[in-house]
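Numbering of ligands and ligand atoms starts at 1, following listing order.
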Amino acid sequence: MIARVHQAGLDDIARKVDAGGRLSFEDGVRLFEAPDLFAVGWLANQARERINGHRTYFNYNLRIEATNVCEASCLFCAFARLQEGAPGARTLTHEQMFAQLRKRDDQPLTEVHMVNGLHPDLPFSYYTELLTGLKRIRPSIHLKCFTAIEIAFFAEKYGKSDRQLLEELRAAGLDSLTGGGAEIFAPRVRQKISSDKCDADRYISVHRTAHQMGMASTCTMLYGHIETMEERVDHLLRLRALQDETRGFQAFIPLAFHPDNNQMRKLPAPSAVETLRVLAVSRLLLDNIAHIKAYWVSCGVDVAQTALWFGADDLDGTVQEETIYHMAGSKTPSVLSTRDIEQLIRDAGREPVERDTLYNVIRTPQAVGA
Ligand code: V47
């Protein structure tokens, strides 16, 4: 592999990676453009193994999507409906969501993960009572809810500062924020694909406030549509800069664009090669974010498994009940059992570790028969 890295003209980057040094904007662009995916992947694997060894994390989680009614009209979104009553619009009652959790009484769930549309009419109490009710049913559950876009929307709609809003949501049961809604930070792309949603500075400032309050979050990037390599690198380096400041991001999740049932359906989905490259370059550039997630619902189970040798060290979790990607054409199953995930990881030659949302180890499953 050293010879391949040399042939790919990446010796200087390899030296930096070896020394645990920081890569530059230009390094990032070269890594995206280098034809030899295996050379890039091998470098990312060095970084992955230095940070996480063979460990590969997953969690026992449940997705709940309270409403898909959304004021924003992002071109890539197949999930959102502009208003109540539109075909496919769906806002769940508290009881419906509580039932989703109650019917899993026998599952050792550690997390509920919730992302919603920007609903124009729901009162703030809809969210606070939802959080409180979920916690009442399962006091130990970690509520990882809302994107920074939702938080910015709530702050404006309910007339609260970000900090006040987050304090009130935390008092109701919120534990951490999801990373959704980042898309691509560059204004050129954002204007085209999600023009009526808050901008990159706002996304960053919500996460900054959450981190300053001691609340963890994750971060994402939607790739494989109209963005350039430079715009990807710019996005990653903005996340890295915030992480230098706050250390609040637990993981980065690249999200592969899915083209079905949305206004960008003429574009092809990114290939497996593209996905592996994005994961690898992310691992190399984001030297201060401990975990890189190959979200199997977004990139497919087989690619997620392969990605464990291309920089990724986390597969997300059991998921269950996901609709954002399935409405946009994801062919993945709706759920993976922890046993399925453990087997996928072992078959890839890595060591499965069940974690909670904050990466505390829940258990290190033994191989069957071991
Ligand atoms: O914000 C929507 C993206 C996100 C499409 O924080 C699409 O751990 C591709 O945020 N093609 C929601 N992507 C999912 C999300 C997430 C997923 C996994 C883990 C975490 C985490 C967060 O999905 C949205 C948007 O960026 N999205 N539509 C689409 N057609």
Asker: Which of the atoms of ligand 1 are close to I253, meaning less than 4.0 Å from one of its heavy atoms?
Answerer: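 Matching atoms, with element in brackets: 6 (O), 8 (O), 20 (C), 21 (C).
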Asker: Got the closest protein heavy atom to atom 17 (C) of ligand 1, with its distance?
Answerer: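 Result: Y295 CE2, 3.5 Å.
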Asker: Is the closest heavy-atom distance from K144 to ligand 1 below 4.0 Å?
Answerer: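 Heavy atoms of K144 do come under 4.0 Å of ligand 1.
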Asker: Please report which non-hydrogen protein atom sits nearest to atom 10 (O) of ligand 1, along with the residue it belongs to and the distance in Å to one decimal place.
Answerer: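 Among all protein heavy atoms, the one nearest atom 10 (O) of ligand 1 is G180 CA, 2.9 Å.
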Asker: Applying a strict 4.0 Å limit to heavy atoms, is H113 in contact with ligand 1?
Answerer: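 It does, in that a heavy atom of H113 comes within the 4.0 Å cut-off of ligand 1.
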Asker: Which residue owns the protein heavy atom closest to atom 18 (C) of ligand 1, what's the atom, and how far is it?
Answerer: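 Among all protein heavy atoms, the one nearest atom 18 (C) of ligand 1 is R63 NH2, 3.3 Å.
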Asker: Mark yes or no: R238 above the aromatic ring of F185, with NZ or CZ under 6.0 Å from the six-membered ring centre and no more than 45 degrees from the axis.
Answerer: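 Here R238 passes the 6.0 Å and 45° test against F185.
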Asker: Output yes when the distance from some N or O of ligand 1 to some N or O of A182 is under 3.5 Å, and no in every other case.
Answerer: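 No, since none of the N or O atoms of A182 sits under 3.5 Å from an N or O of ligand 1.
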Asker: Nearest protein heavy-atom contact for atom 12 (C) of ligand 1: which residue, which atom, what distance?
Answerer: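 Here the closest protein heavy atom is I324 CD1, 3.9 Å.
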Asker: Taking a cutoff of less than 4.0 Å between a non-hydrogen atom of the residue and any ligand atom, is H225 in contact with ligand 1?
Answerer: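 No; H225 lies far enough from ligand 1 that no heavy-atom distance drops under 4.0 Å.
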Asker: Go through the steps to decide whether Y126 and H94 satisfy the test ring-ring contact (aromatic ring centres under 6.0 Å, His included), and finish with yes or no.
Answerer: CA-CA 8 Å; Y126 174 84; H94 288 160; 5.0 Å; yes
Asker: Out of curiosity, is Y325 lining ligand 1, as in a heavy atom under 4.0 Å away?
Answerer: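 Distance cut 4.0 Å: Y325 passes for ligand 1.
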Asker: Is it the side chain (CB and beyond), the backbone, both or neither of M327 that lies under 4.0 Å from ligand 1, heavy atoms counted?
Answerer: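 The answer is neither.
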Asker: Mind checking whether N262 contacts ligand 1 via backbone (N, CA, C, O), side chain (CB onward), both or neither, at a 4.0 Å heavy-atom cut-off?
Answerer: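 Under 4.0 Å from ligand 1, N262 contributes side-chain atoms alone.
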Asker: Please check if the number of heavy atoms outside E230 that lie under 6.0 Å from its CD is greater than 12.
Answerer: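 Yes, the 6.0 Å shell around CD holds more than 12 heavy atoms from other groups.
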Asker: Within the structure, does L255 bring an N/O atom to less than 3.5 angstrom of an N/O atom in ligand 1?
Answerer: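 Looking only at distances, the answer is no, because the N/O contact criterion of under 3.5 Å is not met.
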Asker: Mind running side-chain contact (heavy atoms from CB on, under 4.5 Å) on T209 and L166 for me, showing each step along the way?
Answerer: CA-CA 9 Å; T209 303; L166 287 168; 4.2 Å; yes
Asker: Where's the contact between T147 and ligand 1, heavy-atom distance under 4.0 Å: side chain, backbone, both or neither?
Answerer: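 No part of T147 comes within reach of ligand 1.
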Asker: So, regarding T218 and ligand 1 (criterion: nitrogen or oxygen to nitrogen or oxygen, under 3.5 Å), is there a contact or not?
Answerer: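 Min N/O separation from ligand 1 is below 3.5 Å for T218.
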Asker: Out of all atoms in ligand 1, which are within 4.0 Å of some heavy atom of A328? Include the element for each.
Answerer: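 Those of ligand 1 that fall under 4.0 Å from A328 are 30 (N).
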Asker: Regarding atom 1 (O) of ligand 1: of the candidates G181, A148, A256, which has the closest heavy atom?
Answerer: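 Considering heavy atoms of G181, A148, A256, the nearest to atom 1 (O) of ligand 1 sits in G181.
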Asker: Please list the nearest protein heavy atom to atom 26 (O) of ligand 1 with its residue and the distance rounded to 0.1 Å.
Answerer: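 Of the protein heavy atoms, E183 OE1, 2.6 Å lies nearest.
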Asker: Of the protein's non-hydrogen atoms, which lies at the shortest distance from atom 29 (C) of ligand 1, and what is that distance?
Answerer: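 Ranked first by proximity to atom 29 (C) of ligand 1 is F76 O, 3.6 Å.
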Asker: Please check if the distance between the ring centroids of F154 and Y127 is under 6.0 Å.
Answerer: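 Yes, close enough.
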Asker: May I ask whether F124 and F146 are part of the same hydrophobic cluster, defined by side-chain heavy atoms of I, L, V, M, F, W, Y residues being less than 4.5 angstrom apart, directly or through others?
Answerer: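 Yes: a chain of side-chain contacts under 4.5 Å links F124 to F146.
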Asker: Answer with yes or no after comparing the ring centroid distance for H211 and F249 against a 6.0 Å cut-off, counting only values under it.
Answerer: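 Here the rings of F249 and H211 have centres that are less than 6.0 Å from each other.
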Asker: Name the orientation class of the two ring planes belonging to H207 and Y203 (parallel below 30°, tilted from 30 to 60°, perpendicular beyond 60°).
Answerer: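 Judged by the thresholds at 30° and 60°, the geometry between H207 and Y203 is tilted.
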Asker: N/O of H258 under 3.5 Å from N/O of ligand 1, yes or no?
Answerer: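 Between H258 and ligand 1, an N or O pair is found under 3.5 Å apart.
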Asker: I want to check a possible cation-pi pair here: R350 against W309, using under 6.0 Å from ring centre and within 45° of the ring axis as the test.
Answerer: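 Output yes; distance and angle both within limits.
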Asker: Are H291 and Y359 close enough, and set up right, to give a ring-ring contact (aromatic ring centres under 6.0 Å, His included), and what steps lead you there?
Answerer: CA-CA 9 Å; H291 304 286; Y359 288 84; 3.8 Å; yes
Asker: Which is it for V297 and ligand 1 at heavy atoms under 4.0 Å: side chain, backbone, both or neither?
Answerer: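 Neither; no heavy atom under 4.0 Å.
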Asker: Any atoms of ligand 1 less than 4.0 Å from a non-hydrogen atom of L222? List them with their elements.
Answerer: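 So the atoms of ligand 1 that pass are 7 (C), 9 (C), 13 (N).
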Asker: Does T178, backbone or side chain, put an N or O under 3.5 Å from an N or O of ligand 1?
Answerer: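 Looking only at distances, the answer is no, because the N/O contact criterion of under 3.5 Å is not met.
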Asker: Answer yes or no: is there an ion pair linking D162 with R202, defined by an N-O contact shorter than 4.0 Å?
Answerer: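 Yes.
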Asker: Which ligand 1 atoms does D316 reach within 4.0 Å, using its non-hydrogen atoms?
Answerer: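 Counting atoms of ligand 1 from 1, those under 4.0 Å from D316 are 19 (C).
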Asker: Any chance the rings of H235 and Y223 have centres within less than 6.0 Å?
Answerer: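 So the answer is no for these two rings.
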Asker: Taking all heavy atoms of G224 and all of F257, pick out the closest pair and write down the distance.
Answerer: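 Here G224 and F257 meet closest at O-CD2, 3.6 Å.
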Asker: Hey, would you say the Y325 and F79 ring centroids sit under 6.0 Å apart?
Answerer: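 No: the rings miss the under 6.0 Å criterion.
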Asker: Decide side-chain contact (heavy atoms from CB on, under 4.5 Å) for M114 and L143; before the verdict, give the C-alpha distance in whole Å, the side-chain angles of both, and the deciding distance to 0.1 Å.
Answerer: CA-CA 8 Å; M114 183 187 298; L143 298 180; over 6 Å; no
Asker: Using a plain distance cutoff, I'd like to know if T220 has any nitrogen or oxygen under 3.5 Å from a nitrogen or oxygen of ligand 1.
Answerer: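 So ligand 1 has no N or O lying under 3.5 Å from an N or O of T220.
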